[in-house]
Amino acid sequence: MQVSVLLCVSVCLVCVCAEGKWRSCMEVREAYGALGFSLNIAPQQEIAGDHLRVCAQGHTCCSAEMEDKLGQHSKVELEGMMEETSSTLRSTFISRHKKFDEFFLELLDNSEKSLNDMFVRTYGKLYTHNSEIFEDLFSELKRYYTGGNVNLEEMLNDFWSRLLERMFQLLNSQYTFTDDYLECISKYTDQLKPFGDVPRKLKAQVTRAFIAARTFVQGLMVGREVANRVAKVNISPGCSKALTKMLYCPYCGGLPGLRPCGNYCQNVMKGCLANQADLDPEWNLFIDAMLLVAERLEGPFNIEAVMEPIDVKISEAIMTMQDNSMQVSAKVFQGCGHPKPAGMSRSARGISDVFNSRFRPYSPEERPTTAAGTSLDRLRTVWRTMQHSVIDIKEKLKKSKKFWSTLPDAICTKERASEDEEQCWNSHTKGRYFPEVVKDGLTNQLNNPEVEVDITRPDTFIRQQIMALRVMTNKLRNAYNGNDIYFQDSSDEGSGSGSGSGCTEGCTTEFDFVPTEAPVVEADRSDPQPAADTAGHHGNTPPPPWLVAAIAGAGLLVLMQWR
């Protein structure tokens with residue numbers, strides 16, 4: 001009787017063990033096949049798991065080759081999750097950089113075409129004979145915008161000096177001037193102030209607007225590059241092992257549909273993305289600096305607001321030199337010596353006759369269109385559109401703060417992690433996950449229960465991106481204050497590594513700008529009236545040729561101020 005009982009128990013135990021050992025793996029095979037893998041290496045029933053290196057050994061539905069392939073796939077899946085999670089951020093910087101860059105380049109090209117078309121039709125040979133001054137200016141402005149090593153302040157000073165030299169020669173066409181004499185005239189520019197205070201004010205406005213525009217577009221480019229690079233995560237061996245355990249060890253345990261517990265997923269992601277989280281503080285400072293410059297583009301650095309009063313200001317400068325031409329010439333002769341007479345060949349009678357009937361500044365309504373049909377009014381409309389884009393980018397920039405430190409939250413959503421704390425994969429089996437969630441960043445991963453992280457070896461690539469953001473943030477802060485910072489190449493001469501192109505004497509963070517809503521612009525537009533009176537005062541006397549040349553320069557600066 002006892003022998004019969006023992007035999008019966010033994011048979012039952014064998015049956016139970018056999019039933020447990022040979023449990024079906026069909027559900028696992030279906031899930032494994034859905035990932036795109038061949039089912040040839042997937043067992044149909046459970047097997048002994050002594051060969052497993054990541055998942056728990058014991059009865060399993062995974063062969064050794066399956067575990068390897070699932071481990072490789074876990075890396076691909078994390079890369080895909082990063083790609084998906086960062087897609088909005090990356091597309092924002094890509095699209096906005098392209099849009100702003102195209103606008104500013106179009107603005108430069110159309111302005112140059114408009115000026116050339118207007119001056120050729122209006123001033124003919126007088127403009128074409130002096131057009132290199134304007135061509136050089138546009139070339140330098142474009143070179144500056146596209147990242148060239150151009151000191152805006154020095155370049156604009158040089159433009160005014162060259163314009164003064166040409167005007168002075170036309171004004172005193174009865175004399176011959178050597179190169180040394182013209183250089184002497186340039187040295188007296190600051191003392192003479194032939195254009196009054198207009199060059200100084202316009203220079204401050206132009207440089208600050210240009211600095212803000214270029215730096216903002218550069219910031220969008222840097223944000224784009226950093227986001228693209230950091231989104232490509234460097235998966236360490238410890239992270240790879242933790243990912244496999246979290247995502248695919250449920251397959252090996254016969255539970256392919258079981259999602260990881262939320263806190264478990266958080267710990268794995270915080271370990272895998274610890275270096276990305278360390279980017280966050282510098283990223284937030286960068287975003288804050290971008291927002292500050294965006295505010296400048298909306299307000300005092302608004303190119304439209306800078307452009308509106310330029311024609312009046314230039315007319316004011318021209319009339320200032322016209323009224324003071326005799327005093328200017330007398331001071332130059334006193335300081336540089338009396339030039340030699342030129343003789344009859346230097347007569348300006350022909351030039352005066354040509355421009356006598358047409359000499360006057362354009363009113364805003366009369367400004368001609370370019371050959372392509374793009375008018376200044378259209379460009380104003382384009383800029384207003386760009387202002388809306390600035391508002392749009394500001395909102396998107398604000399949303400991108402703390403992006404890198406919140407990646408675990410963005411990845412461990414309810415689609416990827418279970419909300420049921422009892423019905424989830426806790427790294428070993430189905431049940432509650434008890435360890436606490438660690439904090440963000442590399443140094444906090446020392447006690448991460450899920451991922452082995454070497455906190456003594458920060459990711460060099462991420463550190464490079466942090467430095468790139470730090471440099472760009474510094475440039476943005478300087479641009480906010482109207483200053484330009486650039487680093488010279490080793491081939492460049494001169495001392496120092498920076499330039500305060502936009503900072504004139506007495507520069508502070510308080511700006512001497514006319515706000516869009518200020519009535520000063522309207523008051524300035526009454527300035528041309530004295531100019532008309534001046535013209536009337538001269539009666540039938542033809543305007544001096546230098547004044548004609550000055551008007552050409554005026555038209556250029558209208559467009560230059562747009563920058």
Side-chain angles (χ1 to χ4, degrees), residues 53-56 67 70-86 89 226-250 259-286 400-413 416-418 421 424-429 431-470:
R53 293 179 297 174
V54 177
C55 300
E67 187 185 45
L70 289 172
Q72 295 170 12
H73 191 73
S74 67
K75 296 181 182 180
V76 175
E77 189 159 345
L78 178 59
E79 291 170 355
M81 288 188 286
M82 284 290 291
E83 184 83 11
E84 179 183 345
T85 305
S86 64
L89 175 72
V226 170
N228 281 336
R229 290 168 180 170
V230 179
K232 301 183 185 303
V233 60
N234 180 26
I235 301 176
S236 67
C239 172
S240 177
K241 181 178 179 180
L243 282 172
T244 304
K245 192 174 183 181
M246 179 181 77
L247 297 175
Y248 295 116
C249 282
R259 287 177 294 174
C261 301
N263 288 350
Y264 172 39
C265 178
Q266 285 275 339
N267 274 338
V268 172
M269 290 299 109
K270 283 179 182 286
C272 288
L273 304 176
N275 284 284
Q276 277 77 2
D278 282 345
L279 182 79
D280 217 45
E282 201 63 49
W283 175 266
N284 294 337
L285 293 175
F286 162 72
S400 74
K401 290 190 68 173
K402 298 184 179 180
F403 175 82
W404 303 104
S405 62
T406 57
L407 274 173
D409 295 320
I411 291 176
C412 297
T413 58
R416 298 191 181 99
S418 175
E421 295 182 1
C424 58
W425 178 254
N426 64 10
S427 82
H428 302 290
T429 185
R432 180 181 290 272
Y433 181 76
F434 292 99
E436 294 183 356
V437 177
V438 298
K439 296 181 179 179
D440 300 317
L442 189 63
T443 57
N444 290 313
Q445 304 312 306
L446 181 63
N447 298 316
N448 191 316
E450 308 304 335
V451 187
E452 294 181 7
V453 182
D454 186 353
I455 66 171
T456 65
R457 301 183 63 182
D459 189 309
T460 303
F461 185 75
I462 297 293
R463 275 9 188 214
Q464 291 173 349
Q465 307 314 306
I466 290 174
M467 182 55 66
L469 289 174
R470 190 168 297 162

Restricting to side-chain contact (heavy atoms from CB on, under 4.5 Å), what partner residues turn up for [X], sequence neighbours left out?
| X | result |
| --- | --- |
| Glu77 | His73, Met81, Leu247, Tyr248 |
| Lys401 | Asn284, Ile287, Asp288 |
| Arg259 | Ser418 |
| Thr443 | none |

Least distance between heavy atoms, [X] atom then [Y] atom:
| X | Y | value |
| --- | --- | --- |
| Cys265 | Ala417 | CB-CB, 4.2 Å |
| Ala410 | Thr85 | CB-CG2, 3.4 Å |
| Pro449 | Pro435 | CG-CB, 4.0 Å |
| Ser86 | Ala231 | OG-CB, 3.4 Å |
| Met82 | Val233 | CG-CG1, 4.2 Å |

Are the side chains of [Y] and [X] in contact, using a 4.5 Å heavy-atom criterion?
| X | Y | answer |
| --- | --- | --- |
| Val438 | Gln266 | no |
| Val226 | Phe286 | no |
| Ile466 | Pro281 | no |
| Met246 | Arg416 | no |

Can you pull out every ring-ring contact (aromatic ring centres under 6.0 Å, His included) where at least one residue sits in residues 432-451? Sequence neighbours excluded, please. Tyr264-Tyr433
Taking only residues two or more places apart in sequence or in another chain, which ones pass salt bridge (Lys or Arg N to Asp or Glu O under 4.0 Å) with [X]?
| X | result |
| --- | --- |
| Glu436 | none |
| Glu421 | Arg432 |
| Lys270 | Asp440 |
| Glu79 | none |

Ignoring hydrogens and geometry, is there a side-chain-to-backbone donor-acceptor pair from [X] to [Y] under 3.5 Å?
| X | Y | answer |
| --- | --- | --- |
| Ser240 | Pro237 | no |
| Trp425 | Lys245 | yes |
| Asn267 | Val451 | no |
| Glu67 | Cys55 | yes |
| Ser236 | Cys239 | yes |

For Glu282, give me all partners under side chain to side chain donor-acceptor pair (under 3.5 Å), at least two apart in sequence or on another chain. Arg470
Which salt bridge (charged side-chain N to carboxylate O under 4.0 Å, His left out) pairs, counting each pair once, include a residue from residues 445-455, with sequence neighbours left out?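 Residue pairs with at least one partner in residues 445-455: there are none.
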[atom2] on [Y] to [atom1] on [X], rounded to 0.5 Å:
| X | Y | atom1 | atom2 | answer |
| --- | --- | --- | --- | --- |
| Asn263 | Asn426 | CG | CG | 11.5 Å |
| Gln445 | Lys439 | CD | NZ | 12.0 Å |
| Leu70 | Leu243 | CG | CG | 12.5 Å |

Return all side-chain donor-acceptor pairs below 3.5 angstrom for residues 271-280, not counting sequence neighbours, or 'none' if the list is empty.
{"residue": "Asn275", "atom": "OD1", "partner": "Asp459", "partner atom": "N", "Å": "3.0"}
{"residue": "Asn275", "atom": "OD1", "partner": "Arg463", "partner atom": "NH1", "Å": "3.3"}
{"residue": "Gln276", "atom": "NE2", "partner": "Val230", "partner atom": "O", "Å": "3.4"}
{"residue": "Asp278", "atom": "OD1", "partner": "Leu442", "partner atom": "N", "Å": "3.4"}
{"residue": "Asp278", "atom": "OD2", "partner": "Leu442", "partner atom": "N", "Å": "3.3"}
{"residue": "Asp278", "atom": "OD2", "partner": "Arg463", "partner atom": "NH2", "Å": "3.2"}
{"residue": "Asp280", "atom": "OD1", "partner": "Phe403", "partner atom": "N", "Å": "3.4"}
{"residue": "Asp280", "atom": "OD1", "partner": "Trp404", "partner atom": "N", "Å": "3.0"}
{"residue": "Asp280", "atom": "OD1", "partner": "Ser405", "partner atom": "N", "Å": "3.3"}
{"residue": "Asp280", "atom": "OD2", "partner": "Ser405", "partner atom": "OG", "Å": "2.7"}

